[in-house]
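None of these values were measured; they are calculated from a predicted model.
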Amino acid sequence: MTGKEMQLPSPEVLASLKSGKALNQEDFYRLDFSSLNLQKANLKKANLIGVNLSQTDLSEADLSEADLRGADLSKAILRNANLQGAYLYRVDLSGTDLSGANLEGAKLQVSQYDSQTIFPEGFAYKTSGAVGPGANLNGANLNTANLRDADLQGANLLGAYLGGADLTGANLQGARLSSADLRKAFLTGAYLRNARLNGANLAYVDLRAADLTNVEFEQLESIAGADFSNVQGLSEEHRTRLLNYSIEELDTWNLFTRKTTRASLERGVGS
C-alpha cells in the first residue's frame with residue numbers, strides 16, 4: 001500500500017475485542033489484524049475500511065453493519081459470523097470461509113471471490129454483485145475496477161462497463177463479454193480462451209500477451225488504438241479480419257503503449 005504502513009491494534013483494543021466487549025463505531029481504519037484470533041469479537045458498526053483481516057479467525061464475530069470497504073478478508077475464517085447489513089464493497093474474499101455466516105442485506109458489490117471461497121449454503125453469491133467464477137455481472141458498472149489476476153472463468157459480463165478496468169492477468173476463460181465496453185481497459189496477459197467478445201468496444205485496450213485462443217470477435221464496435229502485440233492464439237482468419245478495419249482505427253495510437261493497432265497486428269512487428 002502507499003503512504004503510511006498499516007499499524008497494529010493496541011493491546012487494549014485487542015483485549016477488548018477478545019473479551020467480546022462492545023466497541024461500536026470504533027475506528028480501526030487501515031489497522032493490521034491479520035492472522036489474529038478474534039472469535040466472537042464485537043465489531044458491530046465498526047469502521048474497518050481498508051483493514052487487513054487476512055487469515056484472521058472471526059468465527060461467530062458480530063460484524064453487522066460494519067464498514068469493510070476495501071478490506072482484505074482473504075483466507076479469513078468467518079464461520080457463523082454475523083455480517084447482516086455489512087458493507088463489503090471491493091473486499092478480497094479469496095479463500096474466505098463464510099460457511100454459516102449471516103449475509104442478509106450485506107453489500108458485496110465488486111468484492112472478489114475465487115473457487116476456494118466458501119459461501120453459506122443457499123446464498124446466491126453469483127448474483128450478489130461480487131466478482132468471481134461464474135458471476136452474473138451483465139450490464140454491471142465496473143469502470144476502473146481493480147480486477148488484476150481475478151478469476152472470472154465463465155462469468156457473464158454481457159454489456160458490462162469495464163472502461164479503464166485493470167484486468168491484467170485475469171482469468172476470463174469462457175467469459176461472455178459480448179457488447180461490453182472495454183475502452184482503455186488493461187488486459188495484459190489475460191487468459192481469454194473461448195471468451196465471447198462479439199460487439200465489444202476494444203478501443204485503446206491493452207491486450208499485449210493475452211491468450212486469445214478461440215475467442216469470438218464478430219462485429220467489434222471499435223479497435224481504434226487497441227494493442228494486440230504478442231497475443232497468443234490469434235488465428236490468421238481473425239488477424240486478417242481485424243486488419244480489414246478502417247484506416248482511421250488501424251492507424252490510431254495507443255497512448256499508453258505507443259503503438260498503432262495496425263503495427264500491433266502485423267507479423268514481425270511485436271506480434
Side-chain angles (χ1 to χ4, degrees), residues 109-110 126-127 129 131-148 150-257 259-266 271:
Q109 280 71 18
V110 203
K126 291 183 179 180
T127 56
V131 175
N136 188 349
L137 296 161
N138 294 339
N141 185 352
L142 297 167
N143 289 327
T144 72
N146 181 0
L147 299 171
R148 291 178 71 93
D151 186 350
L152 285 158
Q153 295 182 72
N156 292 310
L157 291 152
L158 304 176
Y161 297 90
L162 289 154
D166 188 352
L167 287 151
T168 301
N171 186 348
L172 289 151
Q173 182 176 14
R176 297 168 178 83
L177 289 149
S178 297
S179 300
D181 186 350
L182 287 153
R183 285 175 292 179
K184 298 184 180 179
F186 293 91
L187 284 156
T188 319
Y191 193 75
L192 286 151
R193 287 195 174 205
N194 302 310
R196 299 177 187 175
L197 287 159
N198 302 323
N201 190 332
L202 300 182
Y204 302 100
V205 172
D206 183 354
L207 282 155
R208 290 176 297 171
D211 188 338
L212 302 179
T213 305
N214 295 326
V215 166
E216 293 185 14
F217 264 150
E218 300 297 328
Q219 298 180 327
L220 294 171
E221 184 175 341
S222 176
I223 61 169
D227 193 332
F228 293 88
S229 299
N230 301 311
V231 294
Q232 308 299 309
L234 184 66
S235 69
E236 285 306 309
E237 179 186 353
H238 276 138
R239 188 185 300 274
T240 300
R241 192 179 302 167
L242 290 169
L243 283 168
N244 281 327
Y245 274 72
S246 70
I247 293 173
E248 289 79 11
E249 291 197 52
L250 290 171
D251 291 338
T252 296
W253 287 86
N254 184 301
L255 298 179
F256 181 77
T257 66
K259 185 172 288 187
T260 65
T261 302
R262 184 191 303 278
S264 75
L265 283 165
E266 289 178 340
S271 59

d(N194 CG, N214 CG) to nearest 0.5 Å is 5.0 Å
Problem - Short side-chain to backbone donor-acceptor contact, Y245 and L220, under 3.5 Å - result: yes
Closest non-hydrogen contact found for L137 with G129 is CD2-O, 4.0 Å
What one should report as the nearest heavy-atom pair of L162 and N143 is N-OD1, 3.6 Å
Is the side chain of D206 donor-acceptor paired with the backbone N or O of R208 at a distance under 3.5 Å, no angle test? yes
Polar side-chain atom of D227 near backbone of L207 as donor-acceptor pair, under 3.5 Å: no
Rounded to the nearest 0.5 angstrom, the CZ-CZ distance for R176 and R196 is 5.0 Å
inquiry  = Regarding R241 and E218, does a basic nitrogen lie under 4.0 Å from an acidic carboxylate oxygen?
reply    = yes
Checklist line | N/O donor-acceptor pair under 3.5 Å between T261 side chain and I223 backbone | finding: yes
Inset, instruction - Step by step, work out the side chain to side chain contact (heavy atoms under 4.5 Å, CB included) result for L243 and R262. - result: CA-CA 7 Å; L243 283 168; R262 184 191 303 278; 4.3 Å; yes
What one should report as the nearest heavy-atom pair of T213 and G233 is OG1-CA, 3.4 Å
Rounded to the nearest 0.5 angstrom, the CZ-OG1 distance for F186 and T168 is 7.0 Å
Residues passing the salt bridge (Lys or Arg N to Asp or Glu O under 4.0 Å) test with E221, sequence neighbours excluded, are none
OH (Y161) and CG (L142) are apart, to the nearest 0.5 Å, by 11.5 Å
Rounding to 0.5 Å, atoms CG (D181) and CG (L157) come to a distance of 12.5 Å
For T260 and L250 the tightest heavy-atom approach is CB-O, 3.6 Å
- prompt: Side chain of S264, backbone of F228: donor and acceptor closer than 3.5 Å?
  reply: yes
On a heavy-atom basis, the closest approach of P133 and K126 is O-CE, 4.2 Å
CG of L212 to CG of L234, rounded to nearest 0.5 Å, is 6.0 Å
Minimal heavy-atom distance between L172 and A195, with the atoms involved, is O-CB, 3.8 Å
Side chain to side chain donor-acceptor pair (under 3.5 Å) with D211: of R193, Q173, Q232, only one passes, and it is R193
Result for side chain to side chain contact (heavy atoms under 4.5 Å, CB included) between L167 and one of L147, L192, T188 points to L147
